[in-house]
Structure formats: structure tokens, C-alpha cells
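Presented below is the structure to which this report refers.
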Amino acid sequence: MEWENQTILVEFFLKGLSDYPRLELLFFALILIMYVVILLGNGTLILISIWDSHLHTPMYFFLGNLSFLDICYTTTSIPSILVSFLSERKTISFSGCAIQMFLGLAMGTTECVLLGMMAFDRYVAICNPLRYPVIMSKDSYVPMAAGSWIIGVINSAVQTAFVVQLPFCGNNVINHLSCEILAIMKLACADISGNEFIMLVATTLFILTPLLLIIISYTLIIVSILKIRSSEGRSKVFSTCSAHLTVVIIFYGTILFMYMKPKSKETLNSEDLDATDKLISLFYGIVTPMMNPLIYSLRNKDVKEAVKHLLRRSMFNK
């Protein structure tokens, strides 16, 4: 009976920025604008990667998946954040919170693995160009992308299942903008060391392993580039992977800061740390997906040409 009283919880209160009501309208406008940019920018990348036959390559197939991921990831949280800014009732059901946590974690894990696949693609393209069509054939890169999604779903399902089984003792205030897994774990009235261990294992497998693949790939790429004698040749080769490298630095720099060291219950009770986590989560969850299409558009000549062609075609049709 005591266990049942501890675990009956029907909804959570998302604290968000409720301590700063004057900032909520400002952040509502800023986040709404960012969300529109995310949808337009990533949607455009998806369209040109499908529509332009010159972009029917493994690199742009992965990029299309990355853009779709960013749209899905932001859509799992931003609409509810925007509604909470305008509503006095800032609650979310237990099941709704679990779904949001599952989708967010699944998208984040998938993106980590996908960025590793993209780094391997760039390594093969630059270091083994003659074998590239064979190694990165459609029979290879499609299963690689599909595998990224499957890994993300499995990891998220396991972690979410263990979190929702934790007992909660009445405190339902999530000091976060959305149902983020660490913020939910904070509310548990039981030992969460097992959950922290699972998170540590998942971090090693699905965040650090792709990061190691990225580091190895780019180390070999840099060595290969340095062997090119002409500066023009080095610049041309590096331009093919600079956009991906920029996205990796921003993405992993943020996510490692958030998840590399799972926090104990004592650490999680720090209000200063919670405020920092909110800002980092906002950057990771909104700013990074917004910057991805901008980075690829500004640093990739093929994408810029495809966008210009699409705009000219749309204007001509009008």
C-alpha cells in the first residue's frame, strides 16, 4: 500500500521560466521564430536532397535524415514549451511526459550515431575515393541510416522504461523546460544509481563510440589533406567536410556537457546547476537544429547551388 501511494502520479508541473513571467513572452517570440527557421531550413534541405538529382549521394542522404531528425526532435518539445509560456496551467500528464522523454532521447541518440556514419562517409570519400562507390553503395548507406534510427529507438525505450518504473513521492515539479530524463530522475524517491549506470553505459555506447569514430575519421582525413601539395587542393578537399565538422563540434560540445557525467540526487538538487541545464538544453534543443541547415548552406557549394536553382524554379513557375 505504501508503494502504491508513492507511485501514483498523474501529471507533472513544468516549472520552466515560471519564476520569470516577464521573460516568458520574450522567449515565446524568440523560440517561435527559431522554430519557424528550423522547419523552413531543414525542410528546404530535405526537399533539395530529394528533388536535385546531383544530391542523390550518401552524404546528402545522411543530411536529409539529419534534417528530418532535427524537425522531429524540436517538434517533440517546442510546441509544448510555447503553450506553457502562454498558459497558466503548466502541467503535462505522466504518460505525455514519458512519450516526450522517449521521443527526445530517441532523436538525440539517433543523431549521435548518424553523425558518426556521416564522418565515416567523409573518410571514405576523401581517403579512398576510388573505392567510394563500392563501399558507400545504396546497399550500405541505407542500412547505416536505418540502423541509426533503430539504435536510437532501442536505447530510448530501455532508458525510458527504467525511469517510468521509479517510485515518485509526490513532488511533481520538473525544474526544466520539458520532460528531460535527468529532470525526471531528480523527482524519484529511490536510489537512482542503477539508472545512472544504465545512462553511463548508453553514453559510452551511443555517444562516445560515434565520437571516437568521428575523431579517428577526421584524424585520417586531416593526414590525407596535409599530403596534398597545393593549397587550393587542400582547401577544396577540406570544404567537402568542413560543414559536417562544424556541426559535430557544436552538437557534441553541448551534449557532452549535459550528459557525460550523470548527476547524483544531491547534485541534481542544485538550483544553479538547474538554471545552467535549462540554458544548455535550450541551446542543444533549439539553436543547434536551427544552425545545422545554415551551416550546410553557407559552407557547401552544392547545397547553395541547389537552393538557388530551387528558388529560381519557384519564381519562374509563378
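- Remark: the backbone N or O of I215 is paired with a side-chain donor or acceptor of T219 at under 3.5 angstrom.
- In this structure the side chain of F94 never reaches within 4.5 angstrom of the side chain of E11, judged on heavy atoms.
- Within the 4.5 Å cutoff, the side chain of S93 has no heavy atoms near those of the F12 side chain.
- Although no hydrogens or angles enter the test, the distance criterion places a donor-acceptor pair under 3.5 Å between the side chain of T76 and the main chain of Y73.
- Rounding to the nearest 0.5 Å gives a distance of 10.5 Å between OG1 of T75 and CE of M107.
- A distance of 3.5 Å separates CE in M291 from CD1 in I250, rounded to the nearest 0.5 Å.
- For A188 against L166, the heavy-atom pair with the smallest separation is CB-CD1, 3.8 Å.
- Remark: side-chain polar atoms of T74 are not paired, donor with acceptor, to backbone N or O of I286 under 3.5 angstrom.
- Within 6.0 Å of atom NE2 in H54, 12 or fewer heavy atoms from other residues, nucleotides or ligands are found, so the atom counts as exposed in its surroundings.
- Put simply, the side chain of C179 reaches to within 4.5 Å of the side chain of I174, judged on heavy atoms.
- With values rounded to the nearest 0.5 angstrom, S178 atom OG is found 11.0 Å from M101 atom CE.
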**Item:** Verdict with reasoning, L211 to L115, per side chain to side chain contact (heavy atoms under 4.5 Å, CB included)
**Value:** CA-CA 8 Å; L211 179 59; L115 287 173; over 6 Å; no

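- For residues 103-131, the set of pairs meeting the ring pair (Phe, Tyr, Trp, His ring centres under 6.0 Å) definition, not counting sequence neighbours, is empty.
- In this structure, M144 and F62 have side chains that are in contact, with non-hydrogen atoms separated by less than 4.5 Å.
- Looking at S140, its side chain never comes within 3.5 Å of a backbone N or O of M136 through a donor-acceptor pair.
- The backbone N or O of M118 lies less than 3.5 Å from no partner atom in the side chain of H244, so there is not a single donor-acceptor pair.
- Checking side-chain atoms of N42 against main-chain N and O of P289 turns up a donor-acceptor pair under 3.5 Å.
- In this structure, T209 contributes its side chain and T204 its backbone to a donor-acceptor pair below 3.5 Å.
- A pairwise comparison of heavy atoms in S224 and C127 identifies CB-SG, 3.8 Å as the closest pair.
- Counted by atom type alone, Q100 and S80 present one or more donor-acceptor pairs between their side chains at under 3.5 Å.
- Rounding to the nearest 0.5 Å places CG of L177 at 8.5 Å from CG of L14.
- The backbone N or O of I46 lies less than 3.5 Å from a partner atom in the side chain of S49, making a donor-acceptor pair.
- Here L226 contributes atom CG and F238 contributes atom CZ; the two are 10.5 Å apart, rounded to the nearest 0.5 Å.
- Side-chain contact of S137 with D139: a donor-acceptor pair under 3.5 Å is absent, judged by distance alone.
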